[in-house]
Amino acid sequence: MSVKPEDFFKNIISHCKEYGYIFQSSEIYDGLSAVYDYGQNGAELKKNIREYWWKAMVQLNENIVGIDAAIFMHPTVWKASGHVDAFNDPLIDNKDSKKRYRADVLIEEHVAKIEDKINKEVEKAAKRFENFDAAMFKSTNARVLEYQKKIDDINTRFKTALNENKLDEVRQIIIDCEIVCPISGSRNWTEVRQFNLMFSTAMGSVSEDASTIYLRPETAQGIFVNYLNVQKTGRMKLPFGIAQTGKAFRNEIVARQFIFRMREFEQMEMQFFVKPGTEMKHYEEWKQKRLAWHLSLGLGENNYKFHDHLKLAHYANAACDIEFNFPFGFKELEGIHSRTDFDLKQHEQFSGKKLQYFDIEQNESYVPYVVETSVGLDRLFLSILSASYKEEQLENGETRVVLNLPPALAPIKIAIFPLVKKDGLPNLAESIMNDLKFDYALSYDEKDTVGKRYRRHDAIGTPYCITVDHQSLEDKTVTVRSRDTMQQERISIDKLFTYFEDKVSMKSLLKKL
RNA sequence: GCGGAAGUAGCUCAAUUGGUAGAGCUCCAGCCUUCCAAGCUGGAGGUUGCGGGUUCGAGACCCGUCUUCCGCUCCA
């Protein structure tokens, strides 16, 4: 393909708009940044992807059930999850290098440097003395104590500043510590600003009585807070999973790359509850299962790779991403995390309710460990669309724009055309349509030459076109033209249903798993 | 928030040193009846992102403003 990568991505974005897949939100009012709407075809494709995921997770796994938790949740949920604190990053800019940093990271790195100094002192001393007692040395050596006092002072100040939301003080700490920008080397800092990464709104119609609640930044917490409800009412035994799809919201500073980063996006998550100690086995298992699910779409094995997290979040003991080869490079598509018992323990603590599982074999109760699979539906949509989008050079020199979507996911499965708009061909086409419409998403088109109609549906990604011609009136056969091969074959009208069944049904895709 | 780019018809783009907005495609109606986007006729569609200024006259020049896109940060 001779198209430059950045142009290729631009072409995909225009294609999405031109063919009713994705529109900018509120476009007639000049749009809203990082928010997009799904059009008539986009909504179908998205729904089909979601359905494929849901069936693969819930319907094909006896020990997984699905829920649909509300977007609004009790504010304490987000205290327990750590989002209230962790998602309030204080940011600071260096005026010379124009680089932005997280103020807390700058301070933490500074503290880490001092800790390094302590360690060096300890190492030096260890070489010097036999029977060296590190703990003793740390608690007595004057220089170490001085360093340690510095660290403690900084940490105390920083904690207080954050708790009291005093951003001036955070900046003052950076200045007092003489922290410099790693790029410019200068101490020319802006004031510290805080960016709310969670959207908040007010619940309660009377403003004085209203309380702040958040739009969920992830769907997972809706599963955790319902874990015991589902386990009890569903009589679930470990290991078991709870799946959920739904919107999540992040009030990011800016967002880029089309629907790859959006303020409002949809997640498809499954939290798998397991016996402590078995989590790594399940983690590995889900890595493979989820990769197999992606590969079943047939977009090319080389477009996927695992990316193991070296630096783990505080709640995880193993984590990786499945990355996809987007037009702008390999980027995260799905995350698989071993989240330990962190979330449930946090909710036990904040709610004061026991969230334990009674293991009848061991005759004891414990908080289960959790293995999470979390995929972005919009990202999945983009991965499928961008891998399917082709600008083909045909033998006759023409170009053809085609979406080679997995047939089972295509918004329209079959388009039906009368070859010409007379001689009763439209009637026959309509009657075929009326037979098939209960099983397949169809589209009828009688405008323009048939070649033009084929190309139009190539661009939408419709895998098959049925054309009714004069021969159809005589022998009750039609031509079926394939999007991918552009080949036609003649099929008897009464065999159409079975002809298409294994080609475009969700069932055929699920059977590959 | 900072830096850069850009806003003219549904889409892609024109409009000379400032002289009252035009083409192709799309769309709609009709003709033609044809198996891979290209036939014919007619038609619709724009307060040039918005507001102000300069000027006899602004799509163009100046100021402001809004929005989008790209980069920095964050992230599924």
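Every chain is numbered from 1 and lettered A, B, ... according to where its sequence line falls, protein lines coming before strand lines.
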Side-chain atoms of Val401(A) come closest, of C35(B), U33(B), A37(B), to A37(B)
Testing A38(B), U33(B), C36(B) for proximity to the side chain of Thr449(A), the answer is A38(B)
Heavy atoms of Glu218(A) and Arg339(A) approach each other most closely as OE2-NH2, 3.8 Å
By the Watson-Crick or G-U definition, both distances under 3.5 Å, U12(B) is matched with A23(B)
Rounded to whole Å, CZ of Phe9(A) lies from P of C70(B) at a distance of 8 Å
Taking the six-membered ring of Phe330(A) as reference, does the cationic atom of Lys305(A) (NZ for Lys, CZ for Arg) lie under 6.0 Å from its centre and within 45° of its axis?
yes
Q) Can Lys503(A) be said to sit on top of Tyr499(A)'s aromatic six-ring, NZ or CZ under 6.0 Å from centre and within 45° of the ring axis? A) yes
By nearest-heavy-atom nucleotide on RNA chain B, the more 5' of Ser14(A) and Gln267(A) is Ser14(A)
Taking C69(B), C35(B), U33(B) as options, the one with an atom nearest any side-chain atom of Leu419(A) is C35(B)
Between CZ of Phe23(A) and P of U68(B) the distance, given in whole Å, is 18 Å
Practice task
For residues Tyr19(A) and Tyr21(A), establish whether the separation of their ring centroids is below 6.0 Å.
Solution key: no
Using a distance-only criterion (donor-acceptor N/O pair, under 3.5 Å, no hydrogens), is the base of C36(B) paired with the side chain of Arg481(A)? yes
Worksheet entry | Arg50(A) to Trp53(A), cation-pi by 6.0 Å centre distance and 45° axis angle | no
- request: With heavy atoms under 4.0 Å as the rule, sort Glu269(A) into base, sugar-phosphate or nothing.
  value: nothing
May I ask you to establish whether Lys46(A) and Tyr38(A) are in a cation-pi arrangement, using a distance under 6.0 Å from NZ or CZ to the six-membered ring centre and at most 45° from the ring axis? yes
Phe265(A)-A76(B) aromatic stacking (under 5.5 Å, under 30°) = yes
When rounded to whole Å, the CZ to P distance for the pair Arg50(A) and A76(B) reads 20 Å
The Watson-Crick or G-U wobble partner of G18(B), with both key distances under 3.5 Å, is none
| message | Considering every strand and a 4.0 Å limit on heavy-atom distances, what is the contact class for Phe260(A): base, sugar-phosphate, or nothing? | response | base
Applying the 3.5 Å cut-off to both distances, the Watson-Crick or G-U partner of U48(B) turns out to be none
Of Met486(A) and Glu18(A), the one whose closest nucleotide on RNA chain B sits nearer the 5' end is Glu18(A)
Is it true that Phe258(A) and Phe260(A) have ring centroids separated by less than 6.0 Å? no
For Phe500(A), does the six-membered ring have the charged nitrogen or CZ of Lys413(A) within the cation-pi criterion, i.e. under 6.0 angstrom from the centroid and within 45° of the normal? no
Closest to the side chain of Tyr19(A), out of A37(B), C35(B), U33(B), is A37(B)
Mark yes or no: Arg481(A) above the aromatic ring of Tyr454(A), with NZ or CZ under 6.0 Å from the six-membered ring centre and no more than 45 degrees from the axis. yes
Of the listed U33(B), C75(B), C35(B), the closest approach to the Lys421(A) side chain comes from U33(B)
Integer angstrom distance from the P of A38(B) to that of A58(B):
44 Å
Ranking A37(B), U33(B), G10(B) by distance to the side chain of Lys17(A), first place goes to G10(B)
Is there a donor and acceptor pair, one atom on the side chain of Arg263(A) and one on the base of C75(B), closer than 3.5 Å? no
* Asked: Between G22(B) and A44(B), how far is it from one P atom to the other, in whole Å?
  -> 14 Å
Which of C36(B), U33(B), U68(B) is nearest the side chain of Tyr454(A)? It is C36(B)
When both distances are under 3.5 Å in a Watson-Crick or G-U wobble arrangement, the nucleotide paired with G7(B) is C66(B)
When both distances are under 3.5 Å in a Watson-Crick or G-U wobble arrangement, the nucleotide paired with C40(B) is G30(B)
Taken to the nearest whole Å, OH/Tyr464(A) to P/C36(B) is 20 Å
Mate of C61(B) across any strand shown (Watson-Crick or G-U wobble, both atom pairs under 3.5 Å) is G53(B)
Rounded to whole Å, OH of Tyr21(A) lies from P of G10(B) at a distance of 23 Å
Next item on the list: Identify whether any heavy atom of Phe381(A) sits under 4.0 Å from a base atom; if not, whether one sits that close to sugar-phosphate; answer base, sugar-phosphate or nothing.
Entry: nothing
Is it the case that the base of C35(B) and the side chain of Asp469(A) share a donor-acceptor contact (distance under 3.5 Å, atom types as modelled)? yes
Between the protein and nucleotides 23-28 of chain B, list the N/O to N/O atom pairs that are separated by less than 3.5 angstrom.
{"unit_1": "U26(B)", "atom_1": "OP1", "unit_2": "Lys452(A)", "atom_2": "NZ", "d": "3.1"}

